[in-house]
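Step one of this worksheet: look at the structure below.
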Amino acid sequence: MIYLDNAATTMHKPQQVIDAVVAAMSSMGNASRGAHGSALQASRTVYDTRCKLAALFGCSQPDHMIFTCNSTEALNIAITGAIPAGSHVISTDLEHNSVLRPLYRLQAEAQVTLDFVAADRQGNINYADFEKMITPKTSAIVCTHASNLLGTMVDIARVGSIAHDHGLLFIVDASQTAGAVPIDMEAMGVDILCFTGHKGLMGPQGTGGLCVRPGLTLRPFKVGGSGIQSFNPSQPSEFPACLEAGTLNGHGIAGLSAAVDYLNEIGIPAIEEKERRLAQRFLKGVSAIDGVRLYGDFSVPRTAIVTLNIRDYDSSAVSDALSNDYGIATRPGAHCAPRLHRALGTVSQGAVRFSFSWFNTEEEIDTAIRAVRELAQEE
Amino acid sequence: MKAKEPTLVVTFSNTPDAIAMEKFCQANQLPGRLSPIPSVLQAGCGLAWRAPADQEAHFAQVMAEGQVRYAAMQIVEL
């Protein structure tokens, strides 16, 4: 199989990630629960991974690197924990449902009002719109670092500057960029950075987290066992326990730790460069094919995603043919990005997303180009 | 069970601070080990650093210099 669905999850993991998970599953106790050897080893692994991720994202205090099971959980913690009831929030049309649904729930249940910076037919946003939408009740800007549908990147340093000029909280969904492009949350003015471990970071599914700017307080999304302050009827207020109720995914975190080591060995800029080169090769190959319609603005910074349709074929039919006839894995449909599909005019057809990773090869890209060409020529 | 003896016990607010203490002690060649927190000190993290009681002043000085985060440091009969 040629796996080109890396924006959903990077299926090909470094061997050291797999080895680390297997080793942890035969030796790891429960982190923060006990002081015997295997429990301590788990605590050390979790701590080391916390430190590595904090360093990777420019979070100044490792105990403010909170583990979650994915971006969605991280975004729920951030959005429901930091946004006051009755306030106003600005987001964008580029968002995934992991941002949209928590916001819509606050709208329905906590009298939060929402405005969305519109995307045009190419998926671009106008940065001046953020400032225009700010009202005295605005409490936060929540936005993605890159669209999961098009790969279009948002200049989060620019948005962070707008947020902080107006005293607003800035929450970023880095699901598509963590591990794929360099991120420095402090330099970019990000207050809460939410990420998943199983995409660009190349770690196991069931891992992720959020980095919280020191000084910020969030109401816990869930409460329960913490391994500390057992006689306290409330969730402890100390980081990270305040936001980490329940046993962590220690086995997954061990794998994520190995994944970060792998990324650091190669260097994220080198990974970014290769993935973009592969995406450009694919783009160049398919853009000249009659009947192929590409989506997005390829003159702006992007992650390694190319999204297209073939004539008026339903995107699911194209993706199905790629899978069944060529062994190429892609993602059709709506990609949990309803607002952007509306902006692109692709609600009824969907779109076929090709997303590339460090482990893809030029030969695989060329095979995919040939497959698209053949499908576009069929009648 | 061995006879009780005075023991230096350093407690922490959270597990990351306890693991950081272990790394700090290893780096600075301070004696002791992580262990379950004595029940009499049942506030905070479930982990504590145990070391010989006669090291208290040394620990206090080195930990202050290293700006180590901890909840409390005391001598307990264990």
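To find a chain, count down the sequence lines: A is the first, B the second, and so on, and within it residues start at 1.
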| said: If we define contacts as heavy-atom pairs under 4.5 Å, which of Glu238(A), Arg50(A), Arg44(A) has the most with chain B? | reply: Arg44(A)
| request: Please determine which of Leu210(A), Val46(A), Thr207(A) meets the side chain to side chain contact (heavy atoms under 4.5 Å, CB included) test together with Phe67(A). | output: Val46(A)
| message | If we count only N and O atoms by modelled type, under 3.5 Å, do the side chains of Ser175(A) and Lys199(A) hold a donor and an acceptor together? | response | no
| Segment of Asn232(A) engaging chain B (4.5 angstrom heavy-atom cut-off) | neither
| said: Under the side chain to side chain contact (heavy atoms under 4.5 Å, CB included) test against Pro204(A), which residue among Val21(A), Ile18(A), Ile253(A) passes? | reply: Val21(A)
| request: Please state whether the side chain, the backbone, both or neither of Glu244(A) comes within less than 4.5 Å of a heavy atom of chain B. | output: neither
| task | Output the option from Ser43(A), Ala241(A), Ala31(A) having the highest count of non-hydrogen pairs under 4.5 Å with chain B. | result | Ser43(A)
| Residue pair Thr144(A) / Ile156(A): nearest heavy atoms and the distance that separates them | O-CG2, 4.2 Å
| query | If you measure from CG on Leu216(A) to CD1 on Ile192(A), what distance do you get to the nearest 0.5 Å? | reply | 5.0 Å
| task | Would you mind checking which part of Ala20(B) comes under 4.5 Å of any heavy atom in chain A, side chain (CB onward), backbone (N, CA, C, O), both or neither? | result | both
| said: Which atoms of Leu34(B) are under 4.5 Å from chain A, going by heavy atoms: the side chain, the backbone, both sets, or neither? | reply: both
